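What follows is a single structure, written as structure tokens, with notes after it.
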2 protein chains.
Amino acid sequence: MQTQTITYRTPVTGSVPGMSQAESCSFETQIDMMGPAIPFTRNGEIYGEGERAEYLYKVLSGSVRTYKLLTDGRRQIGGFYLPGDIFGLEVGDDHTFSAEAIVDSKILVIKRSAVMALAARDAEIASELWSMTARELQRMQDHIVLLVKTARERVAGFLLEMASLQPLATEINLPMCRQDIADYLGLTIETVSRTLSQLENSETIALPKSRQILLRNRGALSQLNC
Amino acid sequence: MQTQTITYRTPVTGSVPGMSQAESCSFETQIDMMGPAIPFTRNGEIYGEGERAEYLYKVLSGSVRTYKLLTDGRRQIGGFYLPGDIFGLEVGDDHTFSAEAIVDSKILVIKRSAVMALAARDAEIASELWSMTARELQRMQDHIVLLVKTARERVAGFLLEMASLQPLATEINLPMCRQDIADYLGLTIETVSRTLSQLENSETIALPKSRQILLRNRGALSQLNC
DNA sequence: CGACCATTTGATATGGATCAAGCGATGTGG
DNA sequence: CCACATCGCTTGATCCATATCAAATGGTCG
């Protein structure tokens, strides 16, 4: 059932997680020259579920959502990707999600075969690819745990996830609309909105603008996240 | 409560070359001789979340659940593993779930370093490991989609998942109790039980015994699964 | 300014959780 | 072999969190 046509190797040498800055830097710098930066407009499709995963992608600016559509029209968002994030790396041959730009975005598009060829020669690159897969698996597992919680816990988890990208910042600027958040968390927009309002009333967050969130009590959020 | 003392050793030098489709038969036969078969009693712990993933495991008889415990005592089951299934293969260094025997089980326990060393020399093994990871990722993604559906859809999805192991059989023999199913689907036992009763009333399934389920209308289940 | 879209808020409905009781199978000791 | 305790499962009654339906508000851009 599974046909794999590309040859690549993924040496697992010593340390995979917790790579030093220098190590991942080489991957980052090398990959940055491996493809063109392509602009996508808001809501523009980057790839579709089931397509061959011929490329992988790195967000230069803007942001991206991956998602699946169910037959009845429901949409499940698998993840959000912000500048610096790499997405579209599949273990199998095909994309298991679709991907769209959330806002106008610049995306680095890199031939998978080129990366794989590089990984075959450079153990560091290979290791980095392997640990990207590990992170993706981790994200999925965390998401599963999130989805069985209450609405408040889900929203808190989402906010902390967004905040973790700038751990020190107290301000979150969301690129995505409420519907995106709702489809990520398995809730409705109304519930997301109401829950955010509740968090604002309890002075856990502030909402100066609908897509700008200030964390006023990160501890309270973390507690909800348990 | 079963305590399993495991000596940790430092792992893994070698490579995991990927690619080129082949049958997993050689992998299966080779792996079967790489470790001892260990008996675990019902509810016995096989490994705990956060432990070093020093081994991987193959179910010889019985069955296994993997799970996470939340701080408030809720339990999320990540997956069920039946005879022939391999589990405990992690991309990172540590187990992200705990694992327990659901019933008295015989488990083949294989040193991860040994498998990795083998994979370094044998591209077929490496490819098989890679595609096991792909399947695991796929399972997680499918689970995410399942968890945002209605109770009836989740139960239908669960039954089809169990049935897919013997695609032609019309009879499912469940090793796990209702609580396990509930914690897998993010529902309560009562809801699982009621939903099964509903499916029986609508003649979609039959329940001769509580853990034996006959599929009387697989099409109806599949439709729910969409 | 006016049209349009995103977001919030309100009122009501409902699916699943919770609380509670009953039932059936399995095992144990008398 | 039966009485009884235990455990897993089902069923019933009620409650509550979230969905649904509906309307108002606000923000953006022509």
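Source: prediction; values computed, not measured. Numbered from 1 within each chain, the chains take letters A, B, ... in sequence-line order.
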Item to check | Whole-Å gap separating P (D:dG8) and CZ (B:Arg178) | outcome: 12 Å
Next on the checklist: Under 4.0 Å, heavy atoms only, any strand: does A:Ser210 hit a base, just the sugar-phosphate, or nothing?
Outcome noted: sugar-phosphate
Next on the checklist: Under 4.0 Å, heavy atoms only, any strand: does A:Ile189 hit a base, just the sugar-phosphate, or nothing?
Outcome noted: nothing
Item to check | Whole-Å distance separating the NZ atom of A:Lys209 from the C1' atom of C:dT7 | outcome: 14 Å
Next on the checklist: Would B:Arg139 and B:Tyr184 count as a cation-pi pair here, with the cationic atom under 6.0 angstrom from the ring centre and within 45° of the axis?
Outcome noted: no
Checklist entry - Under 4.0 angstrom, heavy atoms only, what part of the nucleic acid is B:Arg154 near: base, sugar-phosphate, or nothing? => result nothing
Next on the checklist: What is the distance, to the nearest angstrom, from the CG atom on A:Leu207 to the P atom on C:dT8?
Outcome noted: 7 Å
Next on the checklist: Students often get this wrong, so: under 4.0 angstrom with heavy atoms, is B:Ser197 touching a base, only sugar-phosphate, or nothing?
Outcome noted: sugar-phosphate
Checklist entry - In whole Å, what is the span from the CD atom of B:Gln212 to the C1' atom of D:dG8? => result 17 Å
Next on the checklist: Salt bridge or not between B:Arg52 and B:Asp94? Use side-chain N to carboxylate O under 4.0 Å.
Outcome noted: yes
Checklist entry - Is the distance from OP1 or OP2 of D:dA19 to the nearest side-chain N or O of A:Thr191 less than 4.0 Å? => result yes
Item to check | Under-4.0 Å salt bridge between A:Arg75 and A:Asp180 | outcome: yes
Item to check | Length of the line joining A:Leu147:CG and D:dT18:P, which is rounded to integer Å | outcome: 13 Å
Item to check | Sub-6.0 Å ring centroid separation between A:Tyr57 and A:Tyr47 | outcome: yes
Checklist entry - When you check the phosphate oxygens OP1 and OP2 of C:dG16, does a side-chain N or O of B:Arg152 lie under 4.0 Å from one of them? => result no
Item to check | 5' precedence on DNA chain D between A:Val192 and B:Leu196 (nearest-nucleotide basis) | outcome: B:Leu196
Item to check | Value in whole Å for how far the C1' atom of D:dG12 lies from CD of B:Gln198 | outcome: 14 Å
Checklist entry - Hey, is the side chain of B:Thr188 poking within less than 4.0 Å of OP1 or OP2 on C:dA17, counting only N and O atoms? => result yes
Next on the checklist: Distance check needed: D:dA19 P versus A:Arg194 CZ, whole Å only.
Outcome noted: 9 Å
Next on the checklist: Just checking A:Lys106: does its NZ atom have more than 12 heavy atoms from other residues, nucleotides or ligands closer to it than 6.0 angstrom?
Outcome noted: no
Checklist outcome for this item: Rounded to whole Å, the CG-C1' distance (B:Leu199 to D:dT10) equals 15 Å
Checklist entry - Considering only heavy atoms and no angle criterion, is a donor-acceptor pair shorter than 3.5 Å present between the side chain of B:Glu190 and the base of C:dC19? => result yes
